[in-house]
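A quick write-up on the structure given underneath.
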Amino acid sequence: MVQVTGRDEAMLDWLRVVRMADTEAVRWALAGLGDSEVPEGPLSARMAQNWITRMLAAGLVGRGRPVFQQGSVVWPANTMSGRVPDLYRQTARHDLAVATVAARYLARGYEWRRDRRPRTRRDHQADGVAIRDGMAELVEVELTPKTPIRYKAIHSNHAERLTREGFSRVVYLATPASARLVVKEADRWLFRDLRPRLVAVPVMDARGAWTGDDDAAWVAHLMAPAPTLQGAEPALWEVTA
DNA sequence: AAAGTTCCTACGGGCGACTG
DNA sequence: CAGTCGCCCGTAGGAACTTT
């Protein structure tokens with residue numbers, strides 16, 4: 001019989017939020033959800049592998065190996081809503097990238113949640129919400145640049161959520177090309193008081209892997225003091241389920 | 001003792017280089 | 001042209017060793 005610890009539960013909660021993850025993400029999540037407050041790095045691949053096989057034996061996760069990436073993918077064996085996630089869908093690569101990002105936030109002492117569903121036709125759902133010290137930032141993972149026109153709507157939605165919903169910042173973890181475009185369009189569409197609160201950091205590659213090319217910039221961003229929030233409706237983001 | 005790491009072997013897919 | 005050889009990666013898992 002497999003003993004399920006508190007960290008295992010936290011891991012499974014995280015896995016339910018991100019829906020699927022590769023072993024790299026599992027390594028970081030294990031570190032982030034472990035005892036040490038801010039771990040220096042991920043746990044070894046061996047530990048991730050052990051965790052996966054333990055959970056597999058307990059019937060708590062499923063595992064598969066999509067072709068597009070050389071590596072295996074785990075998902076919660078939840079059964080409730082979804083069975084096996086479609087690893088061959090167009091969005092699978094993006095979902096795995098989000099899991100990678102989420103795991104790294106966990107390792108920085110953040111909590112990771114799904115953004116609330118869009119409320120209106122115009123509304124935009126971010127890839128995740130990272131929370132620490134009572135502050136929440138919207139996180140977007142961008143592997144392919146969108147057509148420039150779309151950023152007008154998305155960025156103005158971000159602006160609204162920064163001012164009305166109490167989010168401290170919007171962070172894009174992106175490929176270099178995507179980051180450039182995001183920044184360019186942010187310069188166009190965000191007012192100058194809001195503009196510094198949107199950051200795009202080029203740390204991803206097109207396959208969804210964390211390159212860490214600008215890891216230092218990301219860490220610096222996380223460490224930077226958050227802007228003071230005025231007129232924010234506190235904790236609107238807390239009611240996301 | 002449990003958690004974690006490092007080292008080892010084996011296995012398989014992708015891919016470029018080479019070969020008949 | 002097809003076939004295959006070696007190499008690279010990343011998984012799977014055993015085992016020994018270190019850390020907490």
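Convention: sequence-line order gives letters A, B, ...; per-chain numbering from 1. Only heavy atoms go into these numbers, but all of them, side chains included; no hydrogens, no water, no symmetry mates.
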Does atom NZ of A:K146 have more than 12 heavy-atom neighbours from other groups under 6.0 Å away?
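Counting neighbours around NZ of A:K146, more than 12 heavy atoms of other residues, nucleotides or ligands fall under 6.0 Å, so yes.
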Atom pair distance, as rounded to whole Å: [atom1] in [X] and [atom2] in [N]:
X     : N      : atom1 : atom2 : result
A:D22 : C:dC9  : CG    : C1'   : 14 Å
A:R65 : B:dG13 : CZ    : C1'   : 8 Å
A:R54 : C:dA12 : CZ    : C1'   : 17 Å
A:M47 : C:dG13 : CE    : C1'   : 14 Å
A:E24 : C:dC9  : CD    : P     : 14 Å
A:Q49 : B:dC11 : CD    : P     : 16 Å
A:I52 : C:dG10 : CD1   : P     : 15 Å
A:W51 : C:dT11 : CH2   : P     : 15 Å

Looking at A:Q125 and A:D115, would you say the former's side chain and the latter's main chain have a donor-acceptor pair under 3.5 Å?
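Checked: pair present.
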Determine: side-chain N/O of [X] to OP1/OP2 of [N], distance under 4.0 Å, yes or no.
X     : N      : result
A:T23 : C:dT11 : yes
A:R7  : B:dG4  : yes
A:R46 : B:dA3  : no

Is it true that A:H124 and A:E140 share a donor-acceptor pair across their side chains at a distance under 3.5 Å?
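A:E140 vs A:H124: donor-acceptor pair found between side chains.
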What is the ring orientation for A:Y105 with A:W218, classed by angle as parallel under 30°, tilted 30 to 60°, or perpendicular over 60°?
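A:Y105 vs A:W218 ring planes: perpendicular.
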